[in-house]
2 protein chains.
Amino acid sequence: MAGRADVPEVIWARPERTGRGPRPAYTRADIAAAAVRIADERGLDAVSMRHVAAELGCGTMSLYNYLPRKEDLYELMVDAVGAEHELWEPSGDWRADMLRVAHQTRTLMLRHPWLPALMSPVYGFSPNALRYLEHCLACLDSFEGTYGTKFELVAMLNGVVTTYVGNELATAERARALPWSEEREQSVRIAYLGAQIATGAYPRMAAAFMEDSGPIDLEAVFQRALERVLDGFDPTR
Amino acid sequence: MAGRADVPEVIWARPERTGRGPRPAYTRADIAAAAVRIADERGLDAVSMRHVAAELGCGTMSLYNYLPRKEDLYELMVDAVGAEHELWEPSGDWRADMLRVAHQTRTLMLRHPWLPALMSPVYGFSPNALRYLEHCLACLDSFEGTYGTKFELVAMLNGVVTTYVGNELATAERARALPWSEEREQSVRIAYLGAQIATGAYPRMAAAFMEDSGPIDLEAVFQRALERVLDGFDPTR
DNA sequence: AGCGCATTACGTACGCTGTACGTAACTAGG
DNA sequence: CCTAGTTACGTACAGCGTACGTAATGCGCT
């Protein structure tokens, strides 16, 4: 059976091995590890079926014995790095624990900068996603609320972390990839933005840029965002 | 000058016309409209340089006179549908206005289901993005806080809306694209999830699935999410 | 024990993508 | 008027996901 683009079955539901036929040369973990290695070193765009196969030392089409679609390779990658989540004994203070979870997720994303881009299509419950979710629920044992609310909390926190770190990484990547200096790019943007503001059509934007806010501390912005999300769920505040 | 993949210049900073040479046959608006039409009718994947050129009735490479990179086409598309935002006179109640903004953005995204996928790399200040931002700031005139905080509020609200509607759309799309019935797919997933839970490794997940929560009302989940975000910023609560 | 067949491995090929490059037609500025 | 810069666009290339066909392999069953 070769790859099937028309089979939307969840990959975690299909057994890794059915018993019949030659022993597979690789495991899903091998494949995931190879893909993660490539993504870490050469970026997500370098993760093609050909490159992953080359990294493993097998033919391109052999991969389709393990994965029906490339999309599933992404699923494997996300699950693989999910194993790096450190799961501790809940402290009893759900706020502190959830903050720690969020910061850990951010660290994970900074270590694997391609991760935010693959987080949107979270739809299968991969093994490590289950472990992670169970851990979050454990941390929320001290939270007064239904499981429904707890899920909503975890979902929003994850969403905010993904969005923020995704922006953070995209900004850094853009600065890194510039063929000319960052100052040159900044000046072009400032010039354009200044011209727009100078039309007088955006008085509040103009005022905002007059406001002296000092240097932007991304870490602090992130922390504030987390606190606000938790505030929104906190029944005691 | 043909397309330049190595020029990260913001497209809004370059003039649409420099004066020399033959009159361009199309405007940026024409191109954006063609791309939006294709995306609306055939999905984001159908938006290729070839298809857009065909829609316009010109040669593929002619597009590169208007856009240095395909990425800029996406920027044009996001800006184009941004014009559909209705901007009203602020009511004086920032909470109500921001809720209305968020719901309007959701409506816009449901009308153009490809929008959430293109929202992540928001980096250029497109004309309509500026108008939208100015409007949000106007709505926040009654909000006690610095412009820095107001930007953070708008950013988080937009992020949450994008994440939620993106998930909503992805779920709907997945259900629509199934080659077999939705029940069949559901049963496969339930079977897998049930087997995992039956191992006893995820007691809280098990409890969560026991909890009778009734049918999930996506609209209500969305509304709750918005309220919580605003609560997190509300100095009066 | 040995047959049958599902499975693995993988080369080839197809249609699609973004875009570099070269050439011809055209028009505004000096 | 001339010429330099711009538009238009055909051709071409490297890369992508993956359908398909064929050969080798080894488990499960009789």
Side-chain angles (χ1 to χ4, degrees), chain A residues 1-9 11 14-28 30-31 34-35 38-39 42-77 121 177 179, chain B residues 1-9 11 14-28 30-31 34-35 38-39 42-77 121 177 179:
Chain A
M1 180 198 67
R4 298 278 190 71
D6 61 334
V7 176
E9 193 179 338
I11 186 154
R14 52 166 63 188
E16 191 159 355
R17 174 126 174 76
T18 46
R20 207 78 83 93
R23 304 201 146 274
Y26 312 99
T27 64
R28 271 182 201 161
D30 292 334
I31 296 174
I38 292 173
R42 292 186 275 157
L44 188 56
D45 286 347
V47 178
S48 70
M49 297 303 267
R50 285 165 169 83
H51 286 162
V52 172
E55 177 84 12
L56 285 169
C58 72
T60 304
M61 293 312 290
S62 303
L63 289 181
Y64 284 93
N65 289 315
Y66 303 88
L67 314 165
R69 292 169 255 98
K70 188 192 177 179
E71 184 188 312
D72 293 305
L73 179 59
Y74 291 147
E75 203 110 4
L76 253 57
M77 291 171 69
Chain B
M1 180 201 68
R4 299 277 189 73
D6 60 335
V7 176
E9 194 179 337
I11 186 154
R14 52 165 64 188
E16 194 160 352
R17 175 128 174 73
T18 46
R20 205 77 84 95
R23 301 201 149 276
Y26 313 99
T27 63
R28 272 183 201 160
D30 293 333
I31 297 174
I38 293 173
R42 293 186 275 157
L44 188 56
D45 285 349
V47 178
S48 70
M49 297 303 268
R50 280 169 236 268
H51 287 163
V52 172
E55 178 84 13
L56 285 169
C58 72
T60 305
M61 293 312 291
S62 303
L63 289 181
Y64 283 94
N65 290 314
Y66 304 87
L67 314 164
R69 292 168 256 98
K70 188 190 177 181
E71 183 190 312
D72 292 305
L73 179 60
Y74 291 146
E75 203 109 5
L76 252 57
M77 291 171 68

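Proteins come first, then strands; the chains are lettered A, B, ... in the order of their sequence lines, and each starts at number 1. Reckoned from all heavy atoms, side chains included, excluding hydrogens, waters and symmetry mates.
Across all strands shown, B:Y26 has no heavy atoms under 4.0 Å from either base or sugar-phosphate atoms. When heavy atoms are screened at a 4.0 angstrom cut-off, B:S48 is found touching the sugar-phosphate backbone but no base atom. No contact: A:A53 has no heavy atom under 4.0 Å from any strand.
Protein atom CG of A:N65 is 15 Å distant from nucleotide atom P of D:dT25, rounded to whole Å. When the C1' atom of C:dA28 is taken as reference, atom CZ of B:R23 falls 10 Å away, rounded to whole Å. Counting to the nearest Å, the P atom of D:dA19 and the CG atom of A:L63 are 14 Å from each other. Rounded to whole Å, atom P of C:dC16 lies 19 Å from atom NZ of A:K70. Computed from coordinates, the B:E16 CD to D:dT6 P distance equals 15 Å when rounded to whole Å. Remark: C1' of C:dT12 and OH of A:Y64 are 15 Å apart, rounded to the nearest angstrom. A:D45 has its CG atom 12 Å from the C1' atom of D:dG15, to the nearest Å. The nearest whole Å value for the distance from the CE atom in B:M61 to the P atom in C:dT17 is 14 Å.
For the residue pair A:S62 and A:N65, no side-chain donor N or O sits within less than 3.5 Å of a side-chain acceptor on the partner.
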After noting the C-alpha distance and the side-chain angles of A:R28 and A:I11, does the key distance pass the side-chain contact (heavy atoms from CB on, under 4.5 Å) rule? CA-CA 10 Å; A:R28 271 182 201 161; A:I11 186 154; 4.1 Å; yes
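Considering CE of B:M49 and OH of B:Y64, their distance stands at 3.5 Å, rounded to 0.5 Å.
Side-chain atoms of A:R50 come within donor-acceptor range of the base of D:dG17, with a qualifying N/O pair under 3.5 Å.
With contacts defined as side-chain heavy-atom distances shorter than 4.5 Å, the pair A:M77/A:V47 qualifies. Between A:V52 and A:T60, the closest side-chain pair of non-hydrogen atoms is not below 4.5 Å.
The phosphate of C:dC16 has neither OP1 nor OP2 within less than 4.0 Å of any side-chain N or O from B:H51. Here A:S62 does not reach the OP1 or OP2 of C:dT8: none of its side-chain N or O atoms lies under 4.0 Å away.
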